[in-house]
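Remarks on the structure that follows.
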Amino acid sequence: MSERKKLVAGNWKMNGSLAANQALVQALRQGVGQPACDVAVCPPSVYLGQLQQLLAGQTAIALGAQDLSQHEGGAFTGDVSATMLKDFGVRYAIVGHSERRQHQGETDLQVALKVRRALAAGITPIVCVGETLREREEGLTEFIVKRQLSAVLHLNGHAINETVVAYEPVWAIGTGRACDPAEAGRVMRLIRQRVAAAFGAPAADAVRLVYGGSVTPDNAAAYFADPDIDGALVGGASLKADAFGAIIRAAAVAPGAPAPAGARKEQPT
Ligand code: 13P
């Protein structure tokens, strides 16, 4: 049985304001207590400084970014470097989200280079992979996931156990049409097999795989019950303290989760 700790990360996407962020973090800090899983929030980059201050002095909620540049620095207008993120205490960075692949035309190679940059800076990349509805309907799910993963493994395989891979089927994002947990688990095992084939069983056993796409308090426990699903990357529900807190609690009571000291007893559903 692996010792992988679950991770619940909130991707705020392009949402928030100074006032709304403050209220959300305050409610979250009260709601989550000292969770038994890793928790991160990923605000828009302009708010990282504010979030660093709001999260100061606590260890329950880590700070994450939604993207980073593949470059070290220089003439890249609008981009943010890994070193800059480190300045603000950033611990995680989402890389290769489908919205960036789709709207910013990010390629598999760019994603792999960004992962390398994050790892070099000591930031844990959360690399997103996943197929579109059309690709799924054409039977290309495995092909797409393997292709996206291969680029990352090719450049970063040596550090795969410091990398989080998020399986986010594009058709499940923001649609309310969550992927069936059994199917998500099947794709996770595919990813793990791929890592095992390239870097051996210990690496495959160490890499954390999280699911993203319409995760809610109602369906979270079903994902976390799968031994190969190590957490969630949450969009819409992470903007509501109650919903995000409930998802975090579901991860904390999932099979294999360590019991937090003084935690109230809850039964997995
Ligand atoms: P939703 O949870 O809103 O479907 O978004 C998922 C996502 O894209 C997280 O990165």
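Counting starts at 1 for both ligands and their atoms, following the listed order. For reference, positions follow the sequence shown, starting with 1. Since this is a predicted model, take the numbers as computed values, not measurements.
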Starting at CD of Gln52, measure out to CG of Leu85 and round the result to the nearest 0.5 Å. 11.0 Å

Ignoring angles and geometry beyond distance, decide whether Thr175 reaches within less than 3.5 Å of ligand 1 through its nitrogen or oxygen atoms. no

Take every heavy atom of Ala237, measure it against each atom of ligand 1, and state whether any distance is under 4.0 Å. no

Ligand 1 contacted by Gly176 (non-hydrogen, < 4.0 Å): no

Does Arg192 reach the main-chain N or O of Val207 with its side chain, forming a donor-acceptor pair under 3.5 Å? yes

Glu99-ligand 1 polar pair, N/O distance under 3.5 Å: no

Taking Arg4 for its side chain and Asp205 for its backbone only, find out whether a donor-acceptor pair lies under 3.5 Å. yes

At under 4.0 Å between heavy atoms, what of Ser98 touches ligand 1? The answer is neither

Please indicate whether any nitrogen or oxygen in Gly213 is less than 3.5 Å from any nitrogen or oxygen in ligand 1. no

How does Ile173 reach ligand 1, if at all, at less than 4.0 Å between non-hydrogen atoms: by side chain, backbone, both, or neither? both

With a cut-off of 4.0 Å, which atoms of ligand 1 are near a heavy atom of Glu168? 6 (C), 7 (C), 8 (O), 9 (C), 10 (O)

Quick check: do Arg208 and Lys5 have side-chain heavy atoms less than 4.5 Å from each other? yes

Proximal atoms of ligand 1 relative to Leu233 (non-hydrogen, under 4.0 Å): 9 (C), 10 (O)

So for Gly174, does at least one of its heavy atoms come nearer than 4.0 angstrom to any atom of ligand 1? yes

Taking atom 3 (O) of ligand 1 as the point of reference, which of Ala178, Gly10, Gly236 owns the nearest heavy atom? Gly236

Arg177 side chain to Ser214 backbone, donor-acceptor under 3.5 Å: no

With heavy atoms of His97 as the reference, note each atom of ligand 1 found under 4.0 Å away. 7 (C), 8 (O), 9 (C), 10 (O)

Can you list the ligand 1 atoms lying under 4.0 Å from a non-hydrogen atom of Ala172? 4 (O)

